[in-house]
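These notes are about the structure you will find just below.
Throughout, residue positions are numbered sequentially from 1 according to the sequence presented. Since the model is a prediction, treat every value here as computed from it, not as a measurement.
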Amino acid sequence: MVHTTEEDEQGPYVLSEGDLQDAVERKIEFDKNGEADPESGEILDEIYDIVDAVVPRTDDPTLPALTFRVAFLGIIFNVLLSAVNTLFYFRTNYFQLNAIVGVLVSYPIGIFMSWALPTGKVFGLTLNPGKFNHKEHALIYVASSCGANFTYALLNIIGQKYQLYQPDLTTVACVFFAIVTQCFGYGLAGLCRRYLVRPAAMLWPTNLSIIAMLNSLHEPNTPGANGKLRLSRFAFFWIAVALIFLWEWFPLFLMPVLASISLLCYVAPKLSNDSAIPSSYTAKVLRGLGSAQPRGGIGLFALTLDWSVIQVQNPITTPLWALLNQVLGVWFFLYVIIPLVWVNNAFGKDFDIGTNPHQGPNGTGRYFLGFTLNTPDLFDNNGSYVPSRSLVDKASLRLKEDLYNQLAPMRITSYFAIEYLTSFIVFVSALVHVGLWYGSDIWRRFRTAMRDLDSSDVHAKMMDVYPDVPDLWYIILLAVNLVVAIAVCQWGGFDLPWWGVILGLLLAIVSVIPIGTIQAISGQQIGLNVMSEFLIGLILPGRIAAVMSFKTLSYMSMYQGLQLVADLKLGHYLKVPPRAMFTVQLFGTILAAVVSVFVSFGIYESFGRSDKAEYIVPNDPSSGKIWKLQSDEPPLGWTASSFNVFLNAGAIWGAIGPARFFGPGSPYVSTLWGFLAGFVAPIIPFAMHKLYPNGYWHLVNVPLIAVFPVQINSSRADMIMPLVVGLAVNYFVKKHNHAWWKKYAYVLSAAADSGTAVALTVTFFAFTFNAAYQITLPFSKVQFADAEGCAPDYYLTCQGNANYGGNFGREYDITKDDYCNSISFGQA
């Protein structure tokens, strides 16, 4: 039996980001009696038009959903994506393989299983219920998505077990910590689904591309306009994967300069060959602005032809209006505010940070420019690098007060300080933005939560056919996770008291609806991580492990919860039975958490320890031979940057504490003005929209403008090309060849991700993973030692010699290198 509506035969609607945002950003108004006024009906019609472009108004409740095919393929792609993305998280530039890959690759396998498997049941699941259908495919996507989403708890676990040298942190405790932090949000997802899933205005636009993909695979392939575009999406996908895989060998291995084309460095004045200090102020400024590499500069005008860098912004799948808000906002802070702060020493010693000659470009130095901007490292009052782990007592995980007092006030780069400023703006502005635009509707729904306000929605009507998941199931899940979390955090080595676990959950509950509303509208999520650090850092100063654990619990409760809400909305659109969705989400989340923990342990330890004792800190023997991923000479392109950022943030907010680092007398107290800015800024576009309702003020989204969607200490060549790609695909191609865009655009994005992932994996295991077989091509104009040619000439020469001389496990001997051995580094 197929359920339809009177309007299911209407023609296709052109999906427009402008229409999408205009429909959603305008709050649906209600009169005094709670009845929708005429304008509200018009807005709902706009929303339905957008959804109807890809979501059919039909359903067949007899279609099987949770089958053996779903379990088999879901487990395979869950484990595969979890393992691969955990590996990629150790890269300097984090790369994520999208769950769409699971959708595309599982399709022919599902078709084959429908032909080859017998009938019958295994473990209560039907082996072969007939034709492989879109509901099964949607559940496979959800299982894949649970695996593709990075297990955030790994940052906490690796930070304590390896970076802070806590080998007694048991594997069992780590696994349960990972599970509860992932599943905490699952209970929240279920309890807030009537606010973030059932309302028609909560679009979750990122789901529309997935639905379009599933529709294209499960409907007969039809040619585009005038009989063109006969190539199937599946064939297009594999052709594009092969081409991207071949191309990525150039920026990843053969010609790394293509990954970071730093134009300003080509016009910067030459530096002295015998000095770690730039020969002129102009040279330093140009190189600081132009360099895009980690521990380098901010990448002004830097370009990239490496998809693993471009993909960070998701330029094809992100709505163009949201991409413009993001990129233009980052340009303002990165290209205007940060340079002004840096050159004017706004925080006291910005221009001197990283200039210690022993940590500069001496052939083995940490900061190849002789200074640094793009790093989360901590520095003492003289601007010299201080390993964050050296500030923490190994036994008690508390701040070493005496050492801190010698080094204080601690400093960070202008880049890192402004990133914290924007995080303050984002959190407050998100609450204000949602309150202004959607506050009355959310409050009305809250007051009448026991009534089904969406009974008139066509998709809600069709979903009412299926047995819903009782709220009690989610409450029980939340309670069980709370008990396990308290046990693990209080007695499992994570140093967080029981009341801290409860406080973390309360913070997530307060934030999930306003932040979820923004994500439902724009597809972009606002992070809770900095605010959670701020709160617990004030309450438990000096306790780095407690702060990191609280941050993980509160942030992941909200983040994972909203990821699961997005999947619930996908099931809502595709009419997947809610209880089948519940089962797949819960099992997939737990499985991915377990897999990622064991994979991360194996990867971290497989790199081994550094052979050199680096940055020995008095009375701290553990600061000597460290894990190779923490050393100054990590495997090329694999610096575990995300883990280092997390640890340094833990040192700032936990070991040192926000009262010391951002309080009165601190160099960074002025960043707290971000809270006021976040309160005032969203009022401006809202007021202007009221004055000029036909203008474009409803497209100005302050939280999206202020958010930094990029990771510090990764390549900043990702600021221009993503916008170029987004404009090319989602504006020019869509406008002039809409049939091609509609059929292939999202497939192209998935194919580019897949081809790049395969190239990354092959080059990693072939040339990086095993030091005995590590290969670096000879130094040349396309193989700069710093990957972009911004460093001083002598650094490029000597570090290039060291890299090449260390091939195949050999030891580079600088004493046999007359030129490099003769240079007196650090002399002006």
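- Between Val584 and Val576 the shortest side-chain heavy-atom distance does not fall below 4.5 Å.
- Under 3.5 Å, the side chains of Thr589 and Gln182 contain no donor-acceptor pair of N or O atoms.
- Taking the six-membered ring where the residue is Trp, Phe112 and Trp115 present tilted rings, their angle falling between 30° and 60°.
- Within the 3.5 Å criterion, the main-chain N or O of Ala592 finds a donor-acceptor partner in the side chain of Ser82.
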Would Leu214 and Lys135 count as a side chain to side chain contact (heavy atoms under 4.5 Å, CB included) here? Give the steps. CA-CA 9 Å; Leu214 291 172; Lys135 294 190 181 184; over 6 Å; no

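- You'll find the side chain of Ile211 reaches within 4.5 Å of the side chain of Leu574, heavy atoms only.
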Might you work through the side chain to side chain contact (heavy atoms under 4.5 Å, CB included) test for Ile75 and Phe587, ending with a clear yes or no? CA-CA 9 Å; Ile75 289 173; Phe587 182 78; 3.8 Å; yes

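- Taking both residues in full, the closest heavy atoms of Leu73 and Ser106 are given as CD1-O, 3.9 Å, listed atom of the first, atom of the second, then distance.
- Between Pro685 and Trp697 the shortest heavy-atom distance is O-CB, 3.6 Å.
- Leu139 contributes atom CG, which lies 12.0 Å from atom CZ of Arg69 (distance to the nearest 0.5 angstrom).
- Closest heavy-atom contact between Cys183 and Leu586: SG-CD1, 4.2 Å.
- A parallel orientation is assigned to the rings of Phe150 and Tyr89, their planes being inclined by less than 30° (bins at 30° and 60°).
- The side chain to side chain contact (heavy atoms under 4.5 Å, CB included) with Arg193 is formed by just one residue from the set Leu564, Asp471, Val565; it is Asp471.
- Inter-residue side-chain proximity for Pro129 and Phe68 is flagged as unmet; no heavy-atom pair is nearer than 4.5 Å.
- Distance check: Asn481 CG to Leu505 CG gives 9.5 Å after rounding to the nearest 0.5 Å.
- Val142 has its side chain within reach of Met581: a pair of non-hydrogen atoms, C-beta onward, lies under 4.5 Å apart.
- Looking only at distances, no side-chain donor or acceptor of Lys575 sits under 3.5 Å from a matching main-chain atom of Val465.
- Contact of the Phe184 side chain with the Val180 side chain is not registered, since no non-hydrogen atoms from C-beta on lie closer than 4.5 Å.
- At distances below 3.5 Å, not a single donor-acceptor pair connects side-chain atoms of Asn133 with backbone N or O atoms of Ala65.
- Atoms OH and SG, from Tyr141 and Cys146 in turn, are 9.5 Å apart once rounded to the nearest 0.5 Å.
- Not one N or O on the side chain of Gln560 forms a donor-acceptor pair closer than 3.5 Å with the backbone of Ser557.
- Here Phe132 contributes atom CZ and His137 contributes atom NE2; the two are 4.5 Å apart, rounded to the nearest 0.5 Å.
- Annotation for Phe72: atom CZ does not count as buried by contact number, only 12 or fewer foreign heavy atoms lying within 6.0 Å.
- The shortest non-hydrogen separation linking Val725 to Pro315 is CG1-CG, 3.9 Å.
- Inspection of the Asp753 and Trp307 side chains reveals an N or O donor paired with an N or O acceptor under 3.5 Å.
- The shortest distance between side-chain heavy atoms of Trp741 and Lys735 does not fall below 4.5 Å.
- Residues Thr86 and Val595 form no side-chain contact, since every pair of their non-hydrogen atoms from C-beta on lies 4.5 Å or further apart.
- Annotation: Tyr474 is in aromatic contact with Phe582 [ring centroid separation under 6.0 Å].
- No side-chain donor-acceptor contact under 3.5 Å links Lys734 to the backbone of Ala728.
- Side-chain N or O atoms of Asp468 include none that pairs as donor or acceptor with a backbone N or O of Pro470 at under 3.5 Å.
- Note that OG of Ser596 and CG of Leu81 are 12.5 Å apart. Values are rounded to the nearest 0.5 Å.
- Between the Thr583 side chain and the Arg579 main chain, a donor and an acceptor come within less than 3.5 Å of each other.
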One pair to check against side chain to side chain contact (heavy atoms under 4.5 Å, CB included): Val432 and Val702. What are the steps and the verdict? CA-CA 10 Å; Val432 174; Val702 172; over 6 Å; no

Set out, in order, the CA-CA distance, both residues' side-chain angles and the distance that settles side chain to side chain contact (heavy atoms under 4.5 Å, CB included) for Leu748 and Trp740, then state yes or no. CA-CA 11 Å; Leu748 176 62; Trp740 189 99; 4.3 Å; yes

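- Between the side chain of Asn149 and the backbone N or O of Ser145, at least one donor-acceptor pair lies under 3.5 Å.
- Geometric assessment of Lys569 against the ring of Tyr573 yields a positive cation-pi assignment under the 6.0 Å and 45° thresholds.
- No side-chain donor-acceptor contact under 3.5 Å links Asn78 to the backbone of Gly74.
- Here Tyr555 contributes atom OH and Leu507 contributes atom CG; the two are 12.5 Å apart, rounded to the nearest 0.5 Å.
- Ring planes of Tyr744 and Phe236: parallel class, angle under 30° (limits at 30 and 60°).
- Between Phe686 and His433, the distance separating the two ring centers is not shorter than 6.0 angstrom.
- Residues Thr67 and Thr126 come closest through the heavy atom pair CB-O, 3.7 Å.
- Between Gln585 and Asp567, the shortest heavy-atom contact is NE2-CB, 3.2 Å.
- Listed for the Lys131 side chain is no donor-acceptor partner under 3.5 Å among the backbone atoms of Ser114.
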